[in-house]
There are 2 protein chains.
Amino acid sequence: MWISRKTDYATRAVLALAIASGRSLKSHEIAEKTHIPPSFLEQIMGQLRGAGIVRSERGPGGGYRLNHPPQEITLERIVRIFQGPLAPISCATRTAPEPCPMEVMCSLKETWEEVRDATIAILERTDFEKLANRAGGPWLEISDKRQKTESLKSEV
Amino acid sequence: MWISRKTDYATRAVLALAIASGRSLKSHEIAEKTHIPPSFLEQIMGQLRGAGIVRSERGPGGGYRLNHPPQEITLERIVRIFQGPLAPISCATRTAPEPCPMEVMCSLKETWEEVRDATIAILERTDFEKLANRAGGPWLEISDKRQKTESLKSEV
DNA sequence: CATAATGTCGACTTAAAAAGTCAACTTTGT
DNA sequence: ACAAAGTTGACTTTTTAAGTCGACATTATG
């Protein structure tokens with residue numbers, strides 16, 4: 001339970017854009033598709049933009065789109081933007097492990113590092129092209145359920 | 001960074017008891033060895049006792065000791081007591097996954113489940129006998145650094 | 001140029017969880 | 001009796017998460 005709501009929202013927003021495959025989505029469209037509170041989404045899109053994940057266009061007809069091909073965007077990247085270090089505990093971060101005050105050598109650290117590395121490995125190999133495909137997309141102009149249902153069926 | 005300080009403390013306390021290998025430790029001894037705030041440790045030991053991990057004796061000469069052989073106590077067990085579900089996100093818990101509101105099939109869930117399963121696997125195969133051994137223990141009445149240092153050297 | 005539809009920014013609020021403290025109490029060995 | 005333990009539950013403080021809001025900037029369209 002360590003993925004914050006904000007991170008969850010961010011990954012869902014990026015997934016929505018990946019499924020849109022290059023076309024831009026307006027903020028409120030993303031909000032609707034993903035059920036993210038619109039005013040909160042603003043904040044999140046700002047951070048994604050700042051991190052170079054999405055680019056935006058203003059004015060009528062504006063919106064957001066991915067700034068890179070989906071296969072180049074890993075889940076690890078997005079999670080790190082919102083979540084900070086992926087280690088389960090501060091003594092086991094890769095870049096700045098906090099010293100452990102235990103008197104005896106703390107053998108727990110090794111295990112926390114295993115968890116960290118396993119987590120990172122999974123998130124690094126999961127890119128948004130895979131995720132979009134797994135979701136049954138990319139779709140071109142989907143509006144009715146039939147099309148969606150069929151594309152899902154054909155995958156099973 | 002999802003292991004709370006409390007969970008961290010709890011695992012360290014159990015490790016200290018595992019290293020003590022059957023002998024009992026007083027609350028303040030555990031607090032010293034692990035640098036846990038003594039009054040906070042009270043709370044934690046209470047929970048460990050309630051969960052059947054440790055047993056206690058009152059009065060002078062009292063203290064805590066493990067209620068089972070260390071190899072029967074997994075890290076997973078302790079973490080669950082203090083941390084709740086091990087899934088990174090509520091839609092990916094094993095027992096009560098929260099429904100996801102995404103309109104399209106949310107393919108992220110699969111990856112969160114991978115992370116969950118990898119985490120659980122690591123924590124389940126890590127028991128406190130291994131941890132105590134890895135820490136260089138169990139020791140009988142260690143008080144000087146020399147002994148500690150030597151036992152570590154012989155392991156490397 | 002006016003307007004409306006968009007994104008941008010930063011300060012603000014609220015709610016919840018984490019972290020830690022404390023005092024009064026119970027048990028038990030000597 | 002007394003002192004050295006553990007027990008209990010309520011309390012406080014701090015931090016983080018989660019979300020809101022209003023004023024502003026940009027731009028396509030008529």
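Proteins get letters first, then strands, A, B, ... in listed order; numbering begins at 1 in each.
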Would you mind reading off the distance between [X] atom [atom1] and [N] atom [atom2], rounded to a whole angstrom?
| X | N | atom1 | atom2 | value |
| --- | --- | --- | --- | --- |
| B:R5 | C:dT21 | CZ | P | 11 Å |
| B:D8 | C:dA19 | CG | P | 9 Å |
| B:W2 | C:dA17 | CH2 | P | 18 Å |
| B:I36 | C:dA19 | CD1 | P | 13 Å |
| A:F40 | C:dT13 | CZ | P | 18 Å |
| B:M1 | C:dA18 | CE | P | 15 Å |
| A:I44 | C:dC9 | CD1 | C1' | 16 Å |
| B:L41 | C:dA19 | CG | P | 15 Å |

### Message
Could you tell me the boundaries of the chain A footprint on DNA chain D, defined by atoms under 4.0 Å from its heavy atoms?
### Response
D:dA18 to D:dA28

### Task
Take B:G63 and A:P37, find for each the nucleotide of DNA chain D with the closest heavy atom, and name the residue whose nucleotide sits nearer the 5' end.
B:G63

### Task
For A:E57 and for A:S4, find the nucleotide of DNA chain D with the closest heavy atom, then tell me which residue's nucleotide is more 5'.
A:S4

### Task
Hey, could you give me each pair passing salt bridge (Lys or Arg N to Asp or Glu O under 4.0 Å) that has a residue in residues 48-59 of chain B? Not counting sequence neighbours.
B:E57-B:R65

#### Entry: N/O (side chain, A:R49) to phosphate O (OP1/OP2, C:dC9) under 4.0 Å
yes

### Task
Please determine if a side-chain N or O atom of B:K6 lies less than 4.0 Å away from the OP1 or OP2 oxygen of C:dA18.
no

Using nucleotides 22-26 of chain C, report all nitrogen or oxygen pairs with the protein that are shorter than 3.5 Å.
| residue | atom | partner | partner atom | Å |
| --- | --- | --- | --- | --- |
| C:dT26 | O2 | B:R58 | NH1 | 2.8 |

Quick one: does [X]'s side chain get under 4.5 Å of [Y]'s, heavy atoms only?
| X | Y | answer |
| --- | --- | --- |
| A:E110 | B:L131 | no |
| A:L17 | A:M45 | yes |
| B:Y64 | B:S24 | no |

### Task
Show the numbers, then the answer: is there a side chain to side chain donor-acceptor pair (under 3.5 Å) between B:E124 and B:T74?
CA-CA 6 Å; B:E124 273 181 343; B:T74 66; over 6 Å; no

### Query
Side chain of A:N67, backbone of A:G52: donor and acceptor closer than 3.5 Å?
yes

### Donor-acceptor pair, side chain of B:R80 and main chain of B:R77, under 3.5 angstrom
no

### Message
What's A:Y9 touching, base or sugar-phosphate or nothing? Going by heavy atoms closer than 4.0 Å.
### Response
sugar-phosphate

### Query
Does a donor on one side chain and an acceptor on the other come within less than 3.5 Å for B:Q83 and B:K6?
no

#### Entry: For A:C91 against A:P97, the heavy-atom pair lying closest together
O-CB, 3.4 Å

